[in-house]
Protein chains: 2
Amino acid sequence: MSADSATPADQPRAEARRAQILDAASDCFHAHGFHGSSISQISKAAGMSAGHIYHYFENKEAIIAAIVEQDIERLQEMTDDMRAAENPLEAMMESIDAAVAEHMQPDHAPLKLEIVAEAGRNPHIAAAVHAADAKIMGAFEETIGLIRRAGGHQDDSREIRGRTEIISALFEGLIARSIRNPDIDKETTLRIFRQIVRDLLQR
Amino acid sequence: MSADSATPADQPRAEARRAQILDAASDCFHAHGFHGSSISQISKAAGMSAGHIYHYFENKEAIIAAIVEQDIERLQEMTDDMRAAENPLEAMMESIDAAVAEHMQPDHAPLKLEIVAEAGRNPHIAAAVHAADAKIMGAFEETIGLIRRAGGHQDDSREIRGRTEIISALFEGLIARSIRNPDIDKETTLRIFRQIVRDLLQR
DNA sequence: TGTTCTAGATTGAACGCTCATTCTATGTTA
DNA sequence: TAACATAGAATGAGCGTTCAATCTAGAACA
């Protein structure tokens with residue numbers, strides 16, 4: 001096999017088939033995990049032969065990497081919307097709330113962590129994750145910077161970056177906590193979480 | 001094979017052999033991950049045949065579960081030491097600092113997340129992780145409660161628990177961040193982190 | 001003291017299975 | 001008809017686990 005996948009000629013059809021695989025893979029990965037989802041499972045879910053998946057993706061890793069990349073556009077749009085909102089701070093709080101609610105669910109939480117863990121193991125996935133992270137964090141920094149300036153703060157870029165990192169860490173950490181402690185008192189925990197995020201944005 | 005592993009007759013020797021396996025497995029899991037470490041690798045690192053590992057552990061999962069359990073005693077001792085310190089708040093800050101420094105290392109970070117992710121997938125590992133978490137968090141809550149009371153606060157148990165969850169989430173989240181962003185500005189990020197933790201303990 | 005026996009420790013080959021990927025034959029479309 | 005899409009069997013590798021054969025150590029016996 002050459003270093004490149006075959007180049008599909010019919011672009012819209014190829015994109016649609018590719019998207020089919022990514023949808024199916026995403027479902028499988030969410031349900032069973034990266035290691036727990038075989039190409040055979042993904043092919044069944046995609047309604048495509050296992051061998052044919054390799055027409056569109058070089059290997060299994062490339063599927064994960066593509067899924068990671070899908071997040072970029074989605075989250076950049078999200079931050080675009082925040083900045084365009086009448087009240088960007090409240091828009092951000094709402095978005096974070098929604099994201100936390102979504103990811104602290106048993107069917108969503110594990111994959112998020114698996115992808116990170118895999119990035120700590122596998123250089124190809126690491127490259128995709130780092131690249132995506134840089135873009136996503138850039139978008140969040142821009143948004144948080146705008147919110148801070150609107151609140152009259154004069155932060156340097158390191159302070160903005162640091163605050164962005166901590167908010168992001170809190171988000172990831174809550175996901176991990178939801179798995180470690182399924183009985184977590186969300187009400188109290190998320191109240192404190194919101195207060196901290198609000199302080200980081202406002203004070 | 002029966003539902004139980006063979007019962008070793010020579011207890012001290014059996015414990016030593018068991019510990020040998022756990023040490024070797026821990027090294028392998030840290031270096032290659034849970035899924036990336038085969039029983040064959042672990043057996044070589046332990047200086048024991050692959051087949052014999054099953055004399056001491058029911059299966060591969062049981063090795064992970066035993067590693068998770070080792071954390072309990074270690075972390076409970078850690079919190080014992082904090083409470084016994086002349087200044088428990090400062091002792092806790094120091095311990096958290098040390099733990100963060102240790103776990104935001106590339107050779108330590110991924111396994112922590114992998115174990116959580118695996119707990120989201122595998123009921124046996126989930127049981128071990130939940131049980132360990134309950135004990136460890138209990139110890140931290142007790143310590144944080146003591147620190148809060150010494151500072152003149154009257155919190156209910158939910159508030160203490162919530163604060164403990166957030167500190168823990170921050171810790172786990174920083175681990176994830178260290179993988180997503182290897183170039184993280186630790187100085188600024190950890191300064192903000194410490195401030196937040198201190199506030200949660202004191203204010 | 002030396003020998004034998006027995007129970008437990010240990011090895012490592014074999015087993016049965018699954019996996020990701022390749023590749024040939026066939027189908028489809030323009 | 002040619003180019004591309006597609007299926008699915010085959011491939012080769014690796015895995016976790018089992019199990020029969022062998023080793024070891026200590027107790028019992030002469």
Side-chain angles (χ1 to χ4, degrees), chain A residues 1-22 24-25 28-29 31-67 114 118 121-125, chain B residues 1-22 24-25 28-29 31-67 114 118 121-125:
Chain A
M1 203 199 82
S2 77
D4 300 316
S5 304
T7 308
D10 187 350
Q11 212 59 19
R13 183 176 173 79
E15 295 296 336
R17 293 293 264 173
R18 208 167 181 272
Q20 213 167 321
I21 298 164
L22 290 182
C28 290
F29 291 156
H32 307 293
F34 180 62
H35 294 287
S37 305
S38 63
I39 290 281
S40 173
Q41 275 176 309
I42 293 167
S43 73
K44 286 191 186 71
M48 189 190 294
S49 76
H52 197 47
I53 289 184
Y54 293 88
H55 188 75
Y56 297 100
F57 292 93
E58 189 183 352
N59 50 35
K60 197 178 175 185
E61 292 172 10
I63 299 176
I64 271 271
I67 287 176
E114 270 165 353
E118 201 62 32
R121 301 291 185 205
N122 178 321
H124 290 117
I125 293 181
Chain B
M1 207 200 82
S2 77
D4 300 317
S5 303
T7 308
D10 186 352
Q11 213 58 18
R13 183 177 173 76
E15 295 296 338
R17 294 293 265 171
R18 206 165 182 269
Q20 214 168 321
I21 297 165
L22 290 181
C28 289
F29 290 155
H32 307 293
F34 180 62
H35 294 287
S37 305
S38 63
I39 290 280
S40 174
Q41 275 177 308
I42 294 168
S43 73
K44 286 190 186 74
M48 189 189 295
S49 76
H52 197 47
I53 289 184
Y54 295 87
H55 187 74
Y56 298 100
F57 292 92
E58 187 183 353
N59 50 36
K60 195 177 176 186
E61 290 172 9
I63 300 177
I64 271 271
I67 287 177
E114 269 164 354
E118 201 63 31
R121 300 293 184 204
N122 178 320
H124 291 118
I125 293 183

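Chain A is the first sequence line, chain B the second, and so forth, proteins listed ahead of strands; every chain is numbered from 1.
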Among residues 33-42 of chain A, which contact DNA chain C at a heavy-atom distance under 4.0 Å?
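Under 4.0 Å from DNA chain C: A/S37, A/S38, A/I39.
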Heteroatom pairs (N/O) under 3.5 angstrom, protein to nucleotides 25-30 of chain C:
none

Check side-chain hydrogen bond (donor to acceptor under 3.5 Å, both in side chains) between [X] and all other residues, then give those that pass, not counting sequence neighbours.
{"X": "A/S49", "result": "none"}
{"X": "B/H32", "result": "none"}
{"X": "A/S38", "result": "none"}

Holding to side chain to side chain contact (heavy atoms under 4.5 Å, CB included), I want the full list of residues that pass it with B/A50, two or more places apart in sequence or in another chain.
B/I39, B/S43
For B/A46, check side chain to side chain contact (heavy atoms under 4.5 Å, CB included) against everything at least two apart and list the hits.
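With neighbours one apart ignored, the set is B/A24, B/M48.
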Which whole-number value in Å describes the distance from B/N122 CG to D/dG16 P?
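Distance, rounded to whole Å: 14 Å.
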In this structure, how many angstroms lie between the P atom of C/dA9 and the CD atom of B/Q20, rounded?
14 Å
What nitrogen or oxygen pairs link the protein and nucleotides 10-12 of chain C at under 3.5 Å?
from: C/dT10; atom 1: OP1; to: B/R13; atom 2: NH2; distance (Å): 2.4
from: C/dT10; atom 1: OP1; to: B/R17; atom 2: NE; distance (Å): 3.4
from: C/dT10; atom 1: OP2; to: B/R17; atom 2: NE; distance (Å): 3.4
from: C/dT10; atom 1: OP2; to: B/H52; atom 2: NE2; distance (Å): 2.8
from: C/dT10; atom 1: OP2; to: B/Y56; atom 2: OH; distance (Å): 2.8
from: C/dT10; atom 1: O5'; to: B/H52; atom 2: NE2; distance (Å): 3.4
from: C/dT11; atom 1: OP2; to: B/S49; atom 2: N; distance (Å): 2.8
from: C/dT11; atom 1: OP2; to: B/S49; atom 2: OG; distance (Å): 3.1

Go through the structure and list residues passing ring pair (Phe, Tyr, Trp, His ring centres under 6.0 Å) with A/H52, not counting sequence neighbours.
A/H55, A/Y56
Point-to-point distance, once rounded to the nearest 0.5 Å, from CD1 of B/I42 to CD1 of B/I21:
9.5 Å
Distance check, rounded to the nearest 0.5 Å: A/R18 atom CZ versus A/I53 atom CD1?
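The CZ atom of A/R18 sits 12.0 Å away from the CD1 atom of A/I53.
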Find out whether the Lys NZ or Arg CZ of A/K60 is both under 6.0 angstrom from the six-membered ring centre of A/F34 and within 45° of the ring's axis.
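Output yes; distance and angle both within limits.
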Applying salt bridge (Lys or Arg N to Asp or Glu O under 4.0 Å), name anything that partners A/R121, two or more places apart in sequence or on another chain.
B/E114
